[in-house]
There are 2 protein chains.
Amino acid sequence: MGRAVSVDDEQIHARLGEVFRANGYAGASLSALSEAVGLQRASLYHRFPTGKHAMATAVLTSVEARLRQALEPLTSDLDVADAVAEMCTRLAGDYRDGRLSCVLDTMTLTGAPDDIRAQAGRLAQYWIEAMAAAAVRAGATEAEAARRARAALVRIEGALVVARALNDPSVFDQMLAELPGLLAA
Amino acid sequence: MGRAVSVDDEQIHARLGEVFRANGYAGASLSALSEAVGLQRASLYHRFPTGKHAMATAVLTSVEARLRQALEPLTSDLDVADAVAEMCTRLAGDYRDGRLSCVLDTMTLTGAPDDIRAQAGRLAQYWIEAMAAAAVRAGATEAEAARRARAALVRIEGALVVARALNDPSVFDQMLAELPGLLAA
DNA sequence: GTCTATATTTGGATAGAC
DNA sequence: GTCTATCCAAATATAGAC
């Protein structure tokens with residue numbers, strides 16, 4: 001048996017994620033990633049042989065898992081507005097009440113490899129579809145549900161940007177309060 | 001008299017701006033900035049003695065001037081909904097119909113110097129105040145106008161992020177169509 | 001005012017000891 | 001599995017010729 005790992009994968013992905021989310025792909029230096037994880041740069045290359053690219057892929061996969069958990073209430077038998085409210089509660093945690101940026105924003109800038117940006121794009125698509133399904137369950141037509149779901153993602157991403165620009169995280173929580181009404185009108 | 005300039009300041013600021021907006025502060029390399037402007041790196045340092053930081057400051061100042069132009073209809077004697085529609089037309093041009101990102105998003109990531117982020121924050125504040133004034137003119141209370149104005153900026157920034165993530169610029173133009181109704185309800 | 005050339009630091013990545 | 005040491009490329013910035 002080899003040497004025991006000093007940090008488990010889940011924690012590594014979470015800490016890498018914070019650096020990528022805050023700095024973007026290009027801005028996330030190996031030094032910053034290394035320091036956040038608590039491993040030397042060379043040790044990170046042992047876990048991620050293809051380097052920064054593999055780290056970003058792992059982060060997006062980990063983000064996808066968190067997103068699935070946040071969206072899980074939407075497929076429950078809860079009242080739709082309540083289900084959306086529960087999604088919002090989980091999102092508030094994932095985004096530290098508006099203090100953390102979203103990978104859909106910061107990892108889709110020019111400078112990120114194309115496949116990373118494509119992977120982020122699929123996340124956005126998946127998220128919209130899940131919210132649209134909830135809107136349909138609330139009685140909306142397919143077209144109206146798609147419109148509302150896209151509007152919801154627009155507000156989520158926009159609130160995170162504005163919260164960051166104004167240095168006022170409360171913008172995010174206030175926006176979340178409007179989402180049940182938007183999706184389950 | 002010295003040698004004539006080969007590129008005027010306005011064009012330089014516009015081209016630097018495109019690079020900063022697409023790549024963020026950290027991702028905007030001197031090489032990329034130099035190539036976009038059509039001057040060697042050393043020539044950029046002649047125009048901007050303190051380097052990248054001065055370029056970013058100049059870009060934000062230039063963006064502020066463009067923003068003032070876009071917001072100018074809001075202080076005209078037009079019907080408020082028409083004024084907002086005119087603002088939207090101008091914004092569509094500034095953001096190339098959703099194909100260009102916003103400095104409030106990409107220049108506020110960790111990695112940008114604090115004063116650059118603060119300058120961007122003041123831009124956001126100014127923008128919100130101008131839209132709130134329009135909402136007041138449309139009959140909203142101060143509190144309601146502030147709420148609508150912030151919601152409008154949230155949607156603008158969010159639509160740009162989602163358009164980029166989905167690689168679908170039309171998200172931006174579709175969002176713009178909703179702004180007159182939002183601000184001048 | 002712009003250029004070529006260069007200094008210096010940081011970034012991404014690898015080799016090999018333990 | 002993690003580390004120190006190192007390589008190479010790219011990034012920021014400067015010097016000095018024209």
Side-chain angles (χ1 to χ4, degrees), chain A residues 1-60 106-107 109-117, chain B residues 1-59 106-107 109-116:
Chain A
M1 310 226 319
R3 178 176 302 194
V5 298
S6 62
V7 192
D8 71 32
D9 279 2
E10 200 169 347
Q11 269 210 344
I12 287 187
H13 296 157
R15 294 182 182 178
L16 292 177
E18 290 189 22
V19 177
F20 276 113
R21 289 165 73 178
N23 301 84
Y25 185 90
S29 71
L30 268 289
S31 304
L33 293 163
S34 158
E35 187 177 12
V37 169
L39 289 176
Q40 294 299 322
R41 275 173 302 193
S43 305
L44 276 181
Y45 277 94
H46 177 77
R47 306 281 191 106
F48 305 95
T50 60
K52 192 172 172 176
H53 185 279
M55 297 178 212
T57 301
V59 162
L60 286 180
T106 65
M107 292 181 80
L109 299 190
T110 307
D114 284 346
D115 63 325
I116 295 293
R117 298 172 60 176
Chain B
M1 308 224 326
R3 181 176 298 194
V5 298
S6 62
V7 193
D8 70 33
D9 279 3
E10 200 169 348
Q11 269 209 344
I12 287 187
H13 295 157
R15 294 181 182 178
L16 292 177
E18 288 190 22
V19 178
F20 275 113
R21 289 165 72 177
N23 301 85
Y25 184 90
S29 72
L30 268 290
S31 304
L33 294 163
S34 158
E35 187 177 14
V37 169
L39 289 176
Q40 294 300 321
R41 286 188 301 256
S43 305
L44 277 181
Y45 277 95
H46 177 78
R47 306 282 192 107
F48 305 95
T50 59
K52 194 173 174 177
H53 185 278
M55 297 179 212
T57 300
V59 162
T106 65
M107 292 182 81
L109 299 191
T110 307
D114 284 346
D115 62 327
I116 295 293

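Chain letters run A, B, ... following the sequence lines, proteins first, then strands; residues in each count from 1.
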### Task
Select base, sugar-phosphate, or nothing to describe what Ala28(B) touches, counting heavy atoms under 4.0 Å on all strands.
sugar-phosphate
### Message
In this structure, how many angstroms lie between the P atom of dA11(D) and the CG atom of Asn23(B), rounded?
### Response
11 Å
### Query
Looking at Gln40(B), Lys52(B), Glu35(B), which one forms a side-chain contact (heavy atoms from CB on, under 4.5 Å) with Leu30(B)?
Lys52(B)
### Summary
For Arg117(A) and Thr110(A) the tightest heavy-atom approach is NH1-CA, 3.9 Å
## Note on the structure
Out of dA11(D), dC3(C), dT2(D), minimum distance to the side chain of Arg47(A) belongs to dT2(D)
#### Entry: Partner set under side chain to side chain contact (heavy atoms under 4.5 Å, CB included) for Ala42(A), not counting sequence neighbours
none
#### Entry: For atom OH of Tyr25(B) and atom C1' of dT12(D), their distance in whole Å
10 Å
### Message
Per the ring pair (Phe, Tyr, Trp, His ring centres under 6.0 Å) rule, what does the pair list look like for residues 6-38 of chain B, sequence neighbours excluded?
### Response
Phe20(B)-Tyr25(B)
### Task
Decide yes or no for Leu33(A) and Arg15(A): does some side-chain heavy atom of the first lie under 4.5 Å from some side-chain heavy atom of the second?
no
### Query
Does a side-chain N or O from Ser6(A) land closer than 4.0 Å to OP1 or OP2 of dT2(D), or not?
yes
### Heavy atoms from other residues, nucleotides or ligands near CG of Asp8(A) exceed 12 (cutoff 6.0 Å)
yes
### Task
Using atom CG of Leu16(A) as one end and atom C1' of dG12(C) as the other, report the distance to the nearest whole Å.
15 Å
What are the atom names and distances for every N/O pair under 3.5 Å that joins the protein to nucleotides 13-17 of chain C?
residue	atom	partner	partner atom	Å
dA13(C)	OP2	Tyr45(A)	OH	2.8
dA13(C)	OP2	Lys52(A)	N	3.3
dA13(C)	O5'	Tyr45(A)	OH	3.1

### Query
How close or far is atom C1' of dT12(D) from atom CE of Met55(B), stated in whole angstroms?
9 Å
### Message
It should be established whether His46(A) places a side-chain nitrogen or oxygen under 4.0 Å from OP1 or OP2 of nucleotide dG1(D).
### Response
yes
### Query
Hey, does the side chain of Ser43(A) come within less than 4.0 Å of dG1(D)'s phosphate (OP1/OP2), counting only N and O?
no
